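Below is one structure, written out as structure tokens; the observations come after it.
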Amino acid sequence: MATATSIVRSPAALLFAKVTVSDHKPTPTIQISRFPSKRSCFTALLSSLHHDNNNNNNNVISHPKPLSSSQLFNSVSNGSRLRVAYQGVRGAYSEAAAEKAYPNCEAVPCDQFDSAFQAVEKWLVDRAVLPIENSLGGSIHRNYDLLLRHSLHIVGEVKLAVQHCLVANHGVQLEDLSRVLSHPQALAQCENTLTKIGLSREAVDDTALAAKHVALHKLKDTGAVASSSAAKIYGLNILAQNIQDDCDNVTRFLILAREPIIPGIQNPFKTSIVFSLEEGPGVLFKALAVFALRQINLTKIESRPLRNQPLRAADDNNGSKYFDYLFYVDFEASMAEERAQNALRHLKEFATFLRVLGSYPVDTTMM
Ligand SMILES: O=C(O)C(=O)C[C@]1(C(=O)O)C=C[C@@H](O)C=C1
């Protein structure tokens, strides 16, 4: 058996972990070991689902189970097809995004976004495909925070048209439903429709997990907002199609890898950066001007709290406090272009922190 041992750097703790990568072992069965505990009323429901998963007592719904952080040391890559981690269970939109990015890949389900980041860092998979923003629901803040906490590189983006269905068990009518389960982003994208129907909403980790739960527990009063492929996988009936509030509902996913790609100039490229600034009048204006001065178009700006020092006293000592922010900016230029290099050199002169997250081809499939 050929094995390769590599040292992988865990940026969060600045620790070094030893990971063994084998290219001959078969892919191990990946199991759920825990569910997040954030949503209290839903915890019992989720743990019953967990129990069902582990007993594997329903062969209609026995699919590979998501990778959790605790299993990351026990799983190996078989070295054949490209392995692409996504968050969710089979039938999630993220799985479809992974398959759109890499049509012949082995899509590997992970229970949390963080597990997908770690799976790449520990060489268990080759890439991760994770949602970053949606045209209706906005940014997926958790992934912005994780991008900084981990040291992966953005090597591409993929845009996916998201068409939600209201799904339920066969024989269940719309008027039988009192609540609906789904991912918070999916619920937000269908806000108006769900309000009109008058259904109460409960959040779960992904849309396909919602469908799976409704099917597994043969629920009669609860439906799910999920994809038509999730309905098919879990044997559910589609009560309504295209229920998102706008028919042009697109989610943008990032493709993450251990190594950056060499930026090109032949195709349209985009670069993602994160930086922080001193407090003061016009500082953000000055930061954004480094791009405007060079005719570089910005496509996205997001601010997130700088977590290790969220509050700072004002210089004038009048007792007021400022929040500290990180600014995430996407701009339309490749790092191979001189104007992009000059812009970042200029920004570095006054930014208190700057990191290039990746320079990668623009997904032009939905333009
Ligand atoms: O729940 C899923 O199916 C996902 O893949 C997650 C997710 C998201 O996080 O935004 C992906 C696409 C849709 O916007 C809705 C949910």
Side-chain angles (χ1 to χ4, degrees), residues 32 35-36 38-39 42 46 49 63-67 84-102 105 107-117 127-147 157-167 180-194 201-215 223-234 236 238 241-256 300 302 363 366:
I32 298 172
F35 278 97
K38 276 181 278 174
R39 292 169 278 276
F42 211 51
L46 287 174
L49 178 56
H63 296 297
K65 291 155 195 159
L67 191 64
V84 182
Y86 68 94
Q87 187 272 329
V89 298
R90 277 208 58 211
Y93 292 103
S94 300
E95 182 190 41
E99 285 165 354
K100 182 176 177 189
Y102 298 104
C105 74
V108 179
C110 294
D111 67 345
Q112 298 294 304
F113 291 137
D114 199 33
S115 313
F117 273 87
R127 304 276 186 278
V129 170
L130 297 170
I132 196 74
E133 60 172 327
N134 172 270
S135 55
L136 295 177
S139 296
I140 288 104
H141 295 131
R142 175 85 183 131
N143 281 333
Y144 275 100
D145 297 343
L146 288 171
L147 276 173
E157 64 171 4
V158 54
K159 290 179 188 150
L160 187 81
V162 173
Q163 291 170 336
H164 293 300
C165 301
L166 179 60
V167 302
V180 70
L181 311 179
S182 201
H183 186 279
Q185 269 282 339
L187 294 171
Q189 292 158 24
C190 303
E191 173 75 33
N192 297 345
T193 316
L194 297 175
R201 287 143 238 189
E202 282 192 40
V204 289
D205 280 352
D206 66 89
T207 55
L209 184 67
K212 183 175 178 175
H213 182 83
V214 168
V225 173
S227 64
S228 55
S229 75
K232 197 165 165 202
I233 291 169
Y234 303 108
L236 295 172
I238 298 178
Q241 267 174 326
N242 271 326
I243 61 163
Q244 65 280 358
D245 294 339
D246 190 319
C247 55
D248 291 329
N249 185 28
V250 176
T251 300
R252 190 167 76 92
F253 294 78
L254 297 178
I255 307 172
L256 304 173
K300 169 88 182 160
E302 182 70 42
D363 178 1
M366 306 203 71

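The structure presented is a predicted model; accordingly, all values stated were derived computationally and were not measured. Note that these values count all heavy atoms, side chains included, but never hydrogens, waters or copies made by symmetry. Indexing begins at 1, ligand by ligand and atom by atom, following the structure's order.
A donor-acceptor contact shorter than 3.5 Å links the side chain of Lys100 to the backbone of Lys159. A donor-acceptor pair under 3.5 Å links the side-chain atoms of Asp206 to the main chain of Leu209, judged by distance alone. Using modelled atom types, one side-chain atom of Gln244 and one backbone atom of His164 make a donor-acceptor pair closer than 3.5 Å. A donor-acceptor contact shorter than 3.5 Å is absent between the side chain of Tyr86 and the backbone of Val108.
Looking at Arg252, Gln244, His183, it is His183 that brings a heavy atom closest to atom 9 (O) of ligand 1.
The protein atom (non-hydrogen) at minimum distance from atom 3 (O) of ligand 1 is Thr207 OG1, 2.5 Å. Distance from atom 4 (C) of ligand 1 to its nearest protein heavy atom, with residue and atom name: Ser94 OG, 3.5 Å.
At a 3.5 angstrom cut-off on N or O pairs, Tyr93 counts as close to ligand 1.
For the ligand labelled ligand 1, residue Glu95 lies outside the 4.0 Å heavy-atom shell.
Side chains of Glu302 and Ser139: a donor-acceptor N/O pair is present below 3.5 angstrom, by distance only.
Close contacts of ligand 1 with Asp206, meaning ligand atoms under 4.0 Å from a residue heavy atom, involve 1 (O), 2 (C).
By the criterion of a heavy-atom distance under 4.0 Å, the side chain of Thr251, and not its backbone, is placed next to ligand 1. With a 4.0 Å heavy-atom cut-off, ligand 1 is reached by the backbone of Ala92 and by its side chain too.
The only option from Asn143, Ile140, Leu147 that meets the side chain to side chain contact (heavy atoms under 4.5 Å, CB included) definition with Leu254 turns out to be Leu147.
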